[in-house]
Each structure stands twice: as C-alpha cells, then as structure tokens.
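One structure is given here, and the rest of the page talks about it.
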Protein chains: 2
Amino acid sequence: MKDQQSNSLDKRVERSRTKVLAETYRQLMRNGIAGVSIDAISRQSGVSKTTIYRHWPSRSALLLHACAQFGGPAPIPDTGSLRGDLRTLLDGLAAQLADEMWGSVYPSILDAAERDPEIAALQSRMHRTFMAPFEQVLDRGRERGEPSVQGRGTGILVAELVGPLFFRRWFSREKIDSAFLADVLDSALVRRAGMRPLPHAASRKRTGRKKS
Amino acid sequence: MKDQQSNSLDKRVERSRTKVLAETYRQLMRNGIAGVSIDAISRQSGVSKTTIYRHWPSRSALLLHACAQFGGPAPIPDTGSLRGDLRTLLDGLAAQLADEMWGSVYPSILDAAERDPEIAALQSRMHRTFMAPFEQVLDRGRERGEPSVQGRGTGILVAELVGPLFFRRWFSREKIDSAFLADVLDSALVRRAGMRPLPHAASRKRTGRKKS
DNA sequence: CCACTACGATACGGTATCGTACTGTAACTT
DNA sequence: AAGTTACAGTACGATACCGTATCGTAGTGG
C-alpha cells in the first residue's frame, strides 16, 4: 500500500511537475496568460499531455498554481527613516518592472481579471502581496509620528508612490530613472511635512512642527 | 463603369460597415481585444462573414480600425488656474475610468501591445492622445510661471497625476473619489510652491477637519 | 524480485477560430 | 430596364486548442 501522505515524492512525479511548471513559466512570460496551451507545454517540455492532466485537473488549475508561486515574501527594509525605506522599496519595484518577466505577464493577468473572477481573486492576492511592504513601512512611519503621513490614508499614499511607476512601465513606456523616483517620493511625502527637504522658500513663518 | 473615387457610398456598404463596427465595439468592451472573433461578429451583427472580409482584409485590420476610432479630441479646459484645469482633467479621466468601456478594453490592449508591435504602436498613439491635454495644460502653466511646475519635466508630472488613477482602476481596484483626486493634485503640485495656500490643518487635534 | 505506479505515445471527439470558394438573390446605378 | 455590385448563406480546409481513452513501457519501492 502506498503511503499517500508520505513526504517522499516519487522522483518521476517531481520531475514531471518541475518540468511542466518551468515550461509554463516560460510560456507565461513569452505569451501572457492567454497564450499558454497545454499542448505546447507538452511539446516543449517533453512531458506527455496525459501526465500533465494527471497532476492538474485543468488548464486553469495549472495556470493558477503557476501564478500563485509568483513573488516570494518581499523583504521589508529598515533604513531608519521612512523616506529611506520607501526609496529602497521603490528601487526594488523599479528593478522588477524593468525585468522582462513582470512587464509581460502582468497586463495579461489584468486583462483576464476583468472577466474571470477566479483570476480577479488571484490578481487581488498578488497585488496585496506586493503592496504589503509599502503598507507596513508606511504604517510604521505613521506610528513613529512621521508628519508626512499623518492623517493620510495608506491607500492614497501607496497609489501616489507606486502608481507613477506602473504608469511609466505599462502606459507611457518611459524609463524609470533615479531622478523620477526621487521626485515621486518627494511629491508623495512632502505634504504637511513642513517642507523640510526644500527650505528654499523664504517662508517667514516659523516652522514649528511639534508632534502630538 | 463605376466611379471608384466617388464619395457617394453605396448604402449597402455603409450599412454593413456600420453594423460590423458596432458589433466589434460591443465585443471589444465585453471580451477584450483577444475575445473578438469574426464568426461571432458575423453571427451577432447579421452581416455575412464573406462581407466582413470584403471590407477588411483580416481580423487584425478590423481591430486596428475599430480601436483607432477611440477617444475623440479631448477638450482642453481653461479655468484660469493650473490647479483648476488639472482638476477638471482628472475629474474627466476618473469618469472615463469608471465607465465600463475603458476599464475593460485597455488592459487587453496593453497585453497585446507587449507582444504585437502593431498594437504597441496603436497603444502609443492612444496614450499620446489621452495625455495631450495634460501636457498642454502643464506647459501653459509653466509658461505662466506657475512655481509648482518650474524645473520639473512634464512627463514626471503627468505620471504623478495620472498614474495614481490608473493604479486604482486596474491594480488596486479601489474607488476614485474626490478626496483622492484632491490629494493627488496636492502632492503633484505642492513642490516648491511655497505651500502657503494649503492651510490644511495644522495637525492640531481639532477634530473634524471640515473642508476649509 | 515483483507488484505498483507513473509515464510516453497516440489517437480521438469536440469545439472554436481564420480565411476562402461558390451560389443565388437583392439592391443600387446609370 | 439592364447591368453591375454587394449581399447572405453555406460549406469548406486548415489550425489549434481542450480534455479523455487506451495501451504498452519504464522506473520505484517494498
């Protein structure tokens, strides 16, 4: 009798799964979620179609499984300052967007999400995973009394920080350089912060910023 | 002999073209660019497939023709102030994004643009058309000496203004309300503007921050 | 060593799509 | 009224999928 719950996986099974998933990733990156076909995966991976259906009940299941593996646990930076933490996150995001990977796959997921509720749920999960570090860093900043985030919703701040990057990657297709990131960061954080980063203006007003 | 260059179109021709294009739009909105099929258009519109191919050489040609008709000439507001003009544009954009139409079609265009250079060119044209009003308004503000846009690239400003809206519509799927637009506008424009015009609450614990 | 399991190969039925060919009919133009 | 043109209907060939069934083989684990 086979030990069903055994953690010792049949080598053959593991090999098949690995090869299928690898080929699925390749097709995802190259053709988007709509361009993934079981026949092609079978052809390219050398794994028989029968075997693929032995491990995943349907094409959708395989796609969901493959997509769900995306984006591991994002590290949460701790540079000491809110600005520094956010800059680190934005740099990482910019690098990911420049990668062929994301840029190619994500629009197809958005497209599918517009009509397929299952994929919409997947996209929602992925989005939350990717935005979580931003939210944590912002919340931490708020707890520490950072004036630039007081009284402003996290959702608004994330949109103002990340939105411009997504805009450049998928909509305007412009490069994301360091100056751009710096400006985005300044704009999102400068409010009621007492404009400390740029005290150029001769505001005779005393900048008395007292916390609580 | 038929007058080939005659501007008098055969009624039958015009009728067929109209019906086909109308059905193409419907399918575009409902199923995205990848979900448009000639067979379905023929079935739903009552126009024979043969006739469709008589007027458009291929499915791609029909799709490009249909998409190219999108987005008429956007009106350029003139409220007197840069902030007012931008607010008007953002309000209009938010309304368009809330419309089922755009929300559904655009991701599929982005997806296709990632792989099809012809559609990439189309998307580029569409994007420029939609962003043109923002650029004009910003340039006009810069010429008038508005401090908040001096020394800042138009591309950066557009990304900071529009990016957050796109982010909410397609990525985070949050509602775009008036408070959000106001915050986005403030953030994008506040730099080196002297922020004196923002008496936004001195972060006192005065409850209820009623709008001025 | 041997039962058991996963596997590859192949074929199949079913559906959906593109684009073309053919035929007879209706509408338009002159 | 006659000739030209566009049209609907239909059938077709060619692909490309999905998902299943069958069968013989090869690898695994006890």
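Convention: sequence-line order gives letters A, B, ...; per-chain numbering from 1. Side chains are part of it too, since the values below use all heavy atoms of this structure and drop only hydrogens, waters and symmetry mates.
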Without decimals, in angstroms, what is the distance between I52(B) CD1 and dC7(D) P? 11 Å
Starting the side chain at C-beta, find the nucleotide from dT10(C), dA26(C), dC7(C) nearest to R12(B). dA26(C)
Presence of H55(B) side-chain N/O under 4.0 Å of dA6(D) phosphate oxygens OP1/OP2: no
Look at all strands and tell whether S16(B) reaches a base, only sugar-phosphate, or nothing, counting heavy atoms closer than 4.0 Å. sugar-phosphate
Using the side-chain heavy atoms of K11(B), tell me which of these nucleotides is nearest: dG9(D), dA6(C), dC28(C). dC28(C)
What contact category does R43(A) fall into here, base, sugar-phosphate, or nothing, at under 4.0 angstrom with non-hydrogen atoms? sugar-phosphate
With F180(A), which residues qualify under ring-ring contact (aromatic ring centres under 6.0 Å, His included), at least two apart? none
Does F166(B) have its ring centroid less than 6.0 Å away from the ring centroid of W170(A)? no
Using a 4.5 Å cut-off on heavy atoms from C-beta on, say whether the side chain of S178(B) contacts that of R87(B). yes
Selected nucleotide, minimal atom distance to S48(B) side chain, candidates dA8(D), dC17(D), dA9(C): dA8(D)
Separation of dG19(C) atom P from R54(B) atom CZ, nearest Å, is 16 Å
In whole angstroms, the gap separating P of dA27(C) from CD of E14(B) amounts to 17 Å
Is the count of non-hydrogen atoms from other residues, nucleotides or ligands lying under 6.0 Å from E135(A) atom CD greater than 12? yes
Nearest listed nucleotide, side chain of S37(A), among dC18(C), dC7(C), dC17(D): dC17(D)
Between V36(A) and R15(B), who's closer to the 5' end of DNA chain D by nearest nucleotide? R15(B)
I need the minimum non-hydrogen distance between V105(B) and M29(B), along with the two atoms involved. CG2-CA, 3.7 Å
Have a look at R59(B) and say if it touches a base, only the backbone sugar-phosphate, or nothing, with a 4.0 Å heavy-atom cut-off. sugar-phosphate
For atom NZ of K49(B) and atom C1' of dT20(C), their distance in whole Å: 9 Å
CZ (R15(A)) with more than 12 external heavy atoms under 6.0 Å: no
From CD1 of I38(B) across to C1' of dA16(C) the rounded distance in Å is 14 Å
Tell me: OH of Y53(B) to C1' of dC12(D), nearest whole Å? 14 Å
Specify the angle, to 10°, made by the local axes at the two ends of the helix from dC1(C)-dG30(D) to dT30(C)-dA1(D) when five pairs are taken at each end. 30°
Heavy-atom nearest nucleotide on DNA chain D for P57(A) versus G35(A): which residue maps closer to 5'? G35(A)
Of the nucleotides dA8(D), dC28(C), dG19(C), which has the atom closest to the V47(B) side chain? dA8(D)
Choose from dC17(D), dA6(C), dC22(C) the nucleotide whose nearest atom is closest to any side-chain atom of D39(A). dC17(D)
OP1, OP2 of dA6(D) versus side-chain N and O of T51(B): anything below 4.0 Å? no
L9(A) CG - dC4(C) P separation (whole Å): 21 Å
Take a 6.0 Å sphere around CZ of R30(B) and say whether it holds more than 12 heavy atoms from other residues, nucleotides or ligands. no
Regarding the side chain of T50(A), the nearest nucleotide among dC7(C), dG9(D), dA9(C) is dA9(C)
Between S48(B) and R54(B), do the side chains contain a donor N or O and an acceptor N or O under 3.5 Å apart? no
Starting at CH2 of W56(A) and ending at P of dT20(D), how long is that distance when rounded to a whole Å? 15 Å
